[in-house]
Amino acid sequence: MSTVVYVPKDASALSVGADRVATMIAREAQSRGIDLTLKRNGTRGMCWLEPLVEVVVGSERHGYGPVTDRDVAGLFAADFLRGGAHPLQLGRVDDIPYLASQQRLTFERVGVIEPTSLTDYLQQGGYEGLRRALSLQQHEIVQLVTDSGLRGRGGAAFPTGIKWKTVLDTPAPQKYVTCNADEGDSGTFADRMLMEGDPFSLIEGMTIAALAVGATQGYIYLRVEYPHAERSLAEAIQSAYSAGYLGKDVAGSGRRFDLEVRLGAGAYICGEETSMLESLEGRRGEVRVRPPLPAVKGLFGRPTIVNNVISLASVPIILRRGAEFYRDYGVGRSRGTVPIQLAGNIKRGGLVERAFGVSLRELLYDYGGGSASGRPIRAVQVGGPLGAYIPASQFETVIDYEALSGIGALLGHGGIVAFDDTVDMARMARFAMEFCAIESCGKCTPCRIGSTRGVEVIDRIRYGIDRQQNLQLLEDLCETMAEGSLCGLGGLTPFPVRSALRHFKDDFLKPPTR
Ligand SMILES: Cc1cc2nc3c(=O)[nH]c(=O)nc-3n(C[C@H](O)[C@H](O)[C@H](O)COP(=O)(O)O)c2cc1C
Ligand code: SF4
């Protein structure tokens, strides 16, 4: 019988040579006359172990990693196809503590199945959520999503069901479902990992959303820097059409839903939902004034759902297993699970899906293993470039929208970037203003002008020029940007700046590192 070997084809694995490893395994098997089936899965999200090669032994998957092409001959010699001992041997993959202690709901199939195999998807509970949705009235689907407590995972944490209800209740001849796959936040890769590793779950989630609100057309707005996700989505969409899960008769229901991928051009502001809609309509990504909300007047002036990849991909499991099942995970008003992405100066970078309520310390040390440099972690930035810097003294804070907001931080898209004690936080504050200046769409003054002035003011503080006056000026500027900006780019840039000032003021008072 043919032995099955999995080698990931996720971009994170490819970037460290997974294709070469796959080629070498196929070649070595052929030269040894071994019957071997090579499958390409997504990543399990343990980036430091990539390329993570998995061998099916009996009914279990045994891991070896990180494997290079030079290790392949040795693995064969060690009889790895039967789980043989080797320095890279990791044992049963499901038992690796990083993975075993996670609560994978949205990512349950990622790294397990062949991403674009509809057969694999269906075998693992795929499209059961859609089947349930087809047995419900539109308002019942929306109610179920509302009852699950799901809040948008893109950053604003708005209740998904409430947004859908607005679209459902707004009469229009045409409605749209759009997926925000721009994933611009620093240190984030959950959307990419899901789209590359289990694209059908996003397609199914969007189809359920469309049925719920009466939309017949969907768009995935994908950042152009994700070519592997584009390929994976294109293949999966094609299969879904061929099998009748997309098109004019979704799963034999007589209901229509068409889905296309549109590529963004790499501007951070195009992740802001109204800019994304402008870009989807073929214009320059510039923020629209709200109201009207996209749910009322969105794409091409029609009621439109705009949801993040993870929000939409979480919908099938809510339909399949029920609102209560999902809501039972989490704490307070933060229900369900959340994929946390560990990046920056961290030993074991990767994705951890856990129920809300896990602490930063657990994430950084139990999962992350501390800093990659071996030095103490001094601060983490949570929530992308507009997120606050959190000092080590607050690492007991748990991942919960309200708990984070209580310490002046935000969760954003769940990215955590770690810094060790060599970081100059005044420089990081300057970077936040500079980032805003570069990425500003230019529509409103506090952001367009304020961010450029912000860089100058921080420079004056760092170089000791009229320090006290400039510190006050920086505070005033932050207040103006927070209160007067039209969208979150200008409005949230004060988060990293103010948090750096609050927790690391000394860094502003010593000579700059660069
Ligand atoms: C400057 C800026 C950038 C954003 N970038 C993204 C992004 O890359 N992906 C995303 O899903 N949401 C992003 N958002 C949030 C979106 O505006 C919007 O809230 C989200 O797509 C709604 O989906 P959700 O409710 O499922 O989170 C961004 C917001 C701002 C202000
Ligand atoms: S805050 Fe910045 S990005 Fe947002 S609308 Fe104003 S200028 Fe544009």
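Read the numbers this way: they start at 1 and go in the same order the structure lists the ligands and their atoms.
- The protein atom (non-hydrogen) at minimum distance from atom 8 (Fe) of ligand 2 is Cys441 SG, 2.4 Å.
- Considering both main-chain and side-chain atoms, Glu273 comes within under 3.5 Å of ligand 1 through a nitrogen or oxygen pair.
- Among the backbone and side-chain atoms of Cys447, no N/O/S atom is found under 2.8 Å from atom 8 (Fe) of ligand 2.
- Below 4.0 Å from some heavy atom of Glu183 lie the following atoms of ligand 1, by number and element: 7 (C), 8 (O), 9 (N).
- Expressed to the nearest 0.5 Å, how far SG of Cys179 lies from CG of Leu259 amounts to 8.5 Å.
- Applying the 4.0 Å criterion to heavy atoms of Leu489 picks out, from ligand 2, the atoms 3 (S).
- The CD1 atom of Ile220 lies 11.0 Å from the CD atom of Glu230; values are rounded to the nearest 0.5 Å.
- Using a 30° and 60° split on the angle between ring planes, Tyr367 and Tyr98 fall in the perpendicular class, above 60°.
- Considering backbone and side-chain atoms alike, Tyr268 places every N or O at 3.5 Å or more from each N or O of ligand 1.
- Every atom of ligand 1 is numbered from 1 in the order shown, and the set under 4.0 Å from a heavy atom of Asn308 is 10 (C), 11 (O), 23 (O), 24 (P), 26 (O), 27 (O).
- For Glu324, the CD atom is loosely surrounded, since the number of other residues' heavy atoms within 6.0 Å does not exceed 12.
- The pair Glu204-Arg132 fails the salt-bridge criterion, with no side-chain N (NZ, NE, NH1 or NH2) lying under 4.0 Å from an Asp/Glu carboxylate O.
- Side-chain N/O atoms of Thr337 and Glu353 include a donor and acceptor closer than 3.5 Å.
- Under 4.0 Å is where a charged nitrogen must lie from a carboxylate oxygen, and between Arg131 and Glu128 no such pair does.
- Using the six-membered ring where Trp is involved, Tyr268 and Phe435 have ring planes that are perpendicular, over 60° apart on the 30 and 60° scheme.
- Between Tyr329 and Phe325, the two ring planes are perpendicular [angle over 60°; tilted spans 30° to 60°].
- Using a 4.0 Å cut-off to heavy atoms of Ser485, the atoms of ligand 2 that qualify are 1 (S).
- In this structure, Lys163 has a heavy atom closer than 4.0 Å to ligand 1.
- Interface of Gly442 with ligand 2, defined as ligand atoms under 4.0 Å from a residue heavy atom, comprises 7 (S), 8 (Fe).
- No donor-acceptor pair closer than 3.5 Å links the side chain of Arg153 to the backbone N or O of Leu150.
- Close approach of ligand 2 to Ser440 (heavy-atom distance below 4.0 Å) involves ligand atoms 2 (Fe), 7 (S).
- Residue contacts with ligand 1: Gly271 is placed with a nitrogen or oxygen under 3.5 Å of a nitrogen or oxygen of the ligand (distance criterion only).
- Note: an N/O pair closer than 3.5 Å links Gly184 and ligand 1 by distance alone.
- The protein heavy atom nearest to atom 10 (C) of ligand 1 is Asn180 ND2, 3.2 Å.
- Distance from atom 19 (O) of ligand 1 to its nearest protein heavy atom, with residue and atom name: Ala156 CB, 3.8 Å.
- The shortest N/O to N/O separation between Ser311 and ligand 1 falls below 3.5 Å.
- By the 3.5 Å distance cut-off applied to N or O atoms, Asp182 is not counted among the residues near ligand 1.
- Not one N, O or S atom of Cys487 sits under 2.8 Å from atom 6 (Fe) of ligand 2.
- Atoms of ligand 2 lying under 4.0 Å from any heavy atom of Gly490, numbered from 1 in the order shown and given with element: 1 (S).
- For NZ of Lys175, the number of neighbouring non-hydrogen atoms (other residues, nucleotides, ligands) closer than 6.0 Å is greater than 12.
- The protein non-hydrogen atom at the shortest distance from atom 6 (Fe) of ligand 2 is Cys444 SG, 2.3 Å.
- When the shell of 6.0 Å around CZ of Phe395 is examined, it contains more than 12 heavy atoms from other residues, nucleotides or ligands.
- Across Arg288, Arg284, Arg283, a single residue satisfies side-chain hydrogen bond (donor to acceptor under 3.5 Å, both in side chains) together with Glu286, and that is Arg284.
- Taking only nitrogen or oxygen atoms, main chain and side chain alike, Gly154 reaches within less than 3.5 Å of ligand 1.
- Contact annotation for Glu272 and ligand 1: heavy atoms of both the backbone and the side chain come within less than 4.0 Å of the ligand.
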